[in-house]
Undergrad: 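What follows is a structure written as structure tokens; I'll ask about it next.
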Amino acid sequence: REAIDRRMREHYERLWSQSDPWQSDSSELDANRYLHQFALLNDRRYGRVLDAGCGSGQFARLIADISDEVVALDIAPAAIARTRKACAGKSNVSFRVHNLMEFNPAAEGPFDLVVMSESIYSLGWLYSLFDIGWLMSQFRDALREEGRFLLVNTRGKETDYLLTPWLIDTYRDLFLNLGFDLEHEETLSGIKDSVQYDILMSLFRKPIASFDNR
């Protein structure tokens, strides 16, 4: 796990040290994605929120407007530096340089909302499905009753092996198997770098007292 942690930190720090490695701040598709994510959540106000894999911080900036506290977490210091800049003036946003797989949700929670946007398949790149499932079960337990978990992932082409559609659907189904209710789901389609992409947005809710007898 130490070797995996080091590899992930070095890899994503190198990428985020570039100006905009995934054009996440400049593409029309990503701008629409942030707005759609916000629209899915903008029917209530949240207490404590975790943006797990905050990247450039564009969504942390949006969700801060309907939250009491947002924890923006990313493994790469360069990403957190970008998030600080994006969230300038948002006094309710705090920043963490941390490997999500080593994060302790129980110690940091409880949370009213957790957002993982374009980040779970980055964990699947190096960690086993067991490790991911175990971490997600910890997030489930750290959510308040009726707390929400927003999972957003791009279904890519066959050459994008991390974004292979059946893998993306497996991550999504993991949350159903953990006992979450699927509150809403939609697919956002668009063009980026002349390639057609479909982004699966799944909003889950933790049922009331659903795990007491497990």
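These numbers were taken from a predicted model, which means no experiment stands behind them.
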Undergrad: Taking R205 for the side chain and L182 for the main chain, is one N or O donor matched with an acceptor at less than 3.5 Å?
TA: no
Undergrad: Check whether any side-chain N or O of T83 sits under 3.5 Å from a backbone N or O of A72 as a donor-acceptor pair, and report yes or no.
TA: no
Undergrad: Does some side-chain heavy atom of R9 sit less than 4.5 Å from a side-chain heavy atom of V97?
TA: yes
Undergrad: Closest approach of P105 and F111, non-hydrogen atoms and distance?
TA: O-CE1, 4.0 Å
Undergrad: Would you kindly say whether D173 and T170 are connected by a side-chain donor-acceptor distance under 3.5 Å?
TA: no
Undergrad: Between D181 and E183, is there a donor-acceptor pair closer than 3.5 Å when you use the side chain of the first and the backbone of the second?
TA: no
Undergrad: Salt bridge check, K90 against D65: does any charged N sit closer than 4.0 Å to a carboxylate O?
TA: yes
Undergrad: Taking the side chain as every heavy atom from C-beta outward, state whether I66 and N42 have any atom pair closer than 4.5 Å.
TA: yes
Undergrad: Do any N or O atoms from the side chain of D74 and from the backbone of A76 form a donor-acceptor pair under 3.5 angstrom?
TA: yes
Undergrad: Any donor-acceptor pair under 3.5 Å linking the side-chain atoms of T154 with those of E118?
TA: yes
Undergrad: For R45 versus S67, what's the shortest heavy-atom pair and its separation?
TA: NH2-O, 2.9 Å
Undergrad: Identify the two heavy atoms, one from L29 and one from I191, that lie closest to each other, and give their separation to 0.1 Å.
TA: CB-O, 3.9 Å
Undergrad: Taking atom types as modelled, find out whether D198 and S189 have a side-chain donor-acceptor pair closer than 3.5 angstrom.
TA: yes
Undergrad: Using a 3.5 Å distance criterion without hydrogens, assess whether the side chain of N99 forms a donor-acceptor pair with backbone atoms of D5.
TA: no
Undergrad: Would you say the side chain of L176 lies within less than 4.5 Å of the side chain of F204, judging by non-hydrogen atoms?
TA: yes
Undergrad: Less than 3.5 Å apart, any donor N or O on the side chain of E13 or H11 sitting next to an acceptor on the other?
TA: no
Undergrad: Going by atom types alone, do D20 and S24 pair a side-chain donor with an acceptor below 3.5 Å?
TA: yes
Undergrad: Which label fits F103 and H98: parallel for a plane angle under 30°, tilted from 30 to 60°, or perpendicular past 60°?
TA: perpendicular
Undergrad: With a 3.5 Å distance limit and no angle check, can you tell me whether S137 reaches the backbone of W134 through a side-chain donor-acceptor pair?
TA: yes
Undergrad: Quiz question: by atom type and distance under 3.5 Å, do the side chains of S117 and Y34 form a donor-acceptor pair?
TA: no
Undergrad: Is a salt bridge present between R148 and D43, judged by a nitrogen-to-oxygen distance below 4.0 Å?
TA: yes
Undergrad: Keeping the roles fixed (side chain from K206, backbone from L143), state whether a donor-acceptor pair exists under 3.5 Å.
TA: yes
Undergrad: Would you indicate whether the side-chain heavy atoms of M136 and F149 approach each other to under 4.5 Å?
TA: yes
Undergrad: Please walk me through it: do I120 and F175 pass side-chain contact (heavy atoms from CB on, under 4.5 Å)?
TA: CA-CA 12 Å; I120 197 169; F175 286 79; 4.1 Å; yes
Undergrad: Test side-chain contact (heavy atoms from CB on, under 4.5 Å) on R155 and Y197 and set out the steps.
TA: CA-CA 7 Å; R155 290 187 176 116; Y197 287 104; over 6 Å; no
Undergrad: State plainly whether the residues R82 and D25 are in salt-bridge range, i.e. N to O under 4.0 Å.
TA: yes
Undergrad: Does this structure show an ion pair linking D131 with R1, if we count only N-O contacts that are shorter than 4.0 Å?
TA: yes
Undergrad: Can you name the closest pair of heavy atoms from L15 and P21 and give their distance?
TA: O-CG, 3.2 Å
Undergrad: With the side chain counted from C-beta on, respond yes when T187 and M201 share a heavy-atom pair under 4.5 Å apart, and no when they do not.
TA: no
Undergrad: Between R144 and Y46, is any pair of side-chain heavy atoms under 4.5 Å apart?
TA: no
Undergrad: Have a look at Y121 and tell me which of T164, D160, I132, I168 forms a side-chain contact (heavy atoms from CB on, under 4.5 Å) with it.
TA: I168
Undergrad: Side chains of I199 and N153, heavy atoms from C-beta outward: is any pair under 4.5 Å?
TA: no
Undergrad: Quick test of your reading of the model: are D30 and R33 salt-bridged, counting only N-O distances below 4.0 Å?
TA: yes
Undergrad: Looking only at atom types and distance, does a side-chain atom of Q138 sit under 3.5 Å from a main-chain N or O of A106, one as donor and one as acceptor?
TA: no
Undergrad: With no hydrogens and no angle check, is any side-chain donor or acceptor of D68 less than 3.5 Å from a backbone partner on R48?
TA: no
Undergrad: With the side chain counted from C-beta on, respond yes when L73 and D51 share a heavy-atom pair under 4.5 Å apart, and no when they do not.
TA: no
Undergrad: Got a second to check how far H184's NE2 is from L41's CG, nearest 0.5 Å?
TA: 10.5 Å
